[in-house]
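Beneath this line is the structure, given in structure tokens, with notes to follow.
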2 protein chains.
Amino acid sequence: MEQKNICPRFEKALKILNHRWNTLLIYQLLEGPQRYSTIKNQLGISSRVLTERLKELESEHIVARTVIPSTPVVIEYELTEKGHALAPVLKAIEQWSSVWVNTEE
Amino acid sequence: MEQKNICPRFEKALKILNHRWNTLLIYQLLEGPQRYSTIKNQLGISSRVLTERLKELESEHIVARTVIPSTPVVIEYELTEKGHALAPVLKAIEQWSSVWVNTEE
DNA sequence: AAACTAAGTTACGAAATGTAAGTTAAAAAC
DNA sequence: GTTTTTAACTTACATTTCGTAACTTAGTTT
């Protein structure tokens with residue numbers, strides 16, 4: 001009875017993007033490379049989940065992790081080319097929200 | 001320490017779209033008006049959550065609900081104009097996934 | 001030696017989600 | 001006229017995910 005007529009690539013994309021925090025995290029990183037603590041403070045996400053999501057996005061090659069051997073050590077996260085390619089998606093959401101979403105009511 | 005420089009409209013849009021199942025549900029309804037049971041079978045979502053999400057999208061005026069007084073009664077769900085306006089977002093995700101996502105690995 | 005800092009990790013309670021069975025109302029079958 | 005059927009939910013409960021706060025690690029400065 002169940003039909004699977006949805007493209008598996010699209011389904012996987014949705015799985016990643018719909019995972020709580022991921023889209024906002026990518027949006028945040030569109031502004032440029034950022035440190036763990038910066039992202040955490042900007043988004044108001046818990047460290048437990050932030051670490052989890054960064055690992056997920058890293059394993060999907062959407063985010064890259066760089067160790068800066070200062071003291072104490074600093075980690076920088078940035079979008080890969082694959083990650084930057086999501087900009088049009090975020091732009092489309094921004095566009096839609098500017099036309100159709102109002103914060104009242 | 002926490003900065004909120006994110007547009008509240010955009011933030012609300014993300015809150016709706018990132019809620020599990022919502023994007024897939026909207027994608028499904030882009031194909032046209034559909035009954036509760038059809039959506040349920042196509043997406044493989046539980047009835048508990050489907051009902052909850054449909055009510056949420058209805059209250060956001062993204063989905064409209066129509067009662068067809070047949071026997072037994074049939075309910076049809078369809079996208080509103082606001083809902084249809086999300087098509088470019090879904091198209092952007094589709095486009096990205098076709099270029100960057102591979103199901104292997 | 002003690003304190004500090006960034007980036008995590010851990011334990012645990014709270015919230016969201018999935019599962020499966022039950023409800024409702026009307027009419028068709030028996 | 002009682003039982004069955006059907007679509008769209010609803011409910012109770014188990015499982016999974018998430019948030020909170022405290023803790024860990026390693027290399028400096030104090």
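Side-chain atoms are counted along with the backbone in the values below, which use heavy atoms only and exclude waters and symmetry mates.
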Distance, rounded to the nearest Å, where [X] contributes [atom1] and [N] contributes [atom2]:
X     : N      : atom1 : atom2 : answer
B:R48 : D:dT15 : CZ    : P     : 15 Å
B:Y36 : D:dA7  : OH    : C1'   : 10 Å
B:K40 : D:dA7  : NZ    : P     : 13 Å
B:R35 : D:dA8  : CZ    : C1'   : 10 Å

By salt bridge (charged side-chain N to carboxylate O under 4.0 Å, His left out) - contacts of [X] (at least two apart):
X     : value
A:E56 : A:R53
B:K55 : none
B:K15 : none

Run the side chain to side chain contact (heavy atoms under 4.5 Å, CB included) test against [X] and tell me which residues pass, sequence neighbours left out.
X     : answer
B:S37 : B:R35
A:S46 : A:R48, A:V49
A:S47 : A:Y36, A:K40
A:A85 : B:W96, B:W100

Closest to the 5' end of DNA chain C, once B:I45 and A:S47 are matched to their nearest nucleotides, is A:S47
A:E52 or B:T51, whichever maps to the more 5' nucleotide of DNA chain D: B:T51
Contact list please: residues 14-24 of chain A against DNA chain D, heavy atoms, distance less than 4.0 Å, in numerical order. A:H19, A:R20, A:W21
At a heavy-atom distance below 4.0 Å, which nucleotide of DNA chain C is the first touched by chain A, and which is the last? C:dT5 to C:dA16
Can you tell me if the side-chain N/O atoms of B:K55 get under 4.0 Å from OP1 or OP2 in D:dT10? yes
Only pairs at least two apart or in different chains count here, so list each side-chain hydrogen bond (donor to acceptor under 3.5 Å, both in side chains) that has a residue in residues 77-90 of chain A. A:R65-A:Y77
Residues forming a side chain to side chain donor-acceptor pair (under 3.5 Å) with B:T23, sequence neighbours excluded: A:N18
Only one of A:I26, A:I62, A:L86 passes side-chain contact (heavy atoms from CB on, under 4.5 Å) with A:I16; say which it is. A:I62
Dump every N/O contact between nucleotides 27-30 of chain D and the protein below 3.5 Å, one line per pair.
unit_1	atom_1	unit_2	atom_2	d
D:dG27	O3'	A:T71	OG1	3.2
D:dT28	OP1	A:T71	OG1	2.9

Cut-off 3.5 Å, side chains only: do B:Q28 and B:Q34 have a donor facing an acceptor? yes
Which nucleotide wins on minimum distance to the side chain of A:V49, given the candidates D:dA22, D:dG19, D:dA8? D:dG19
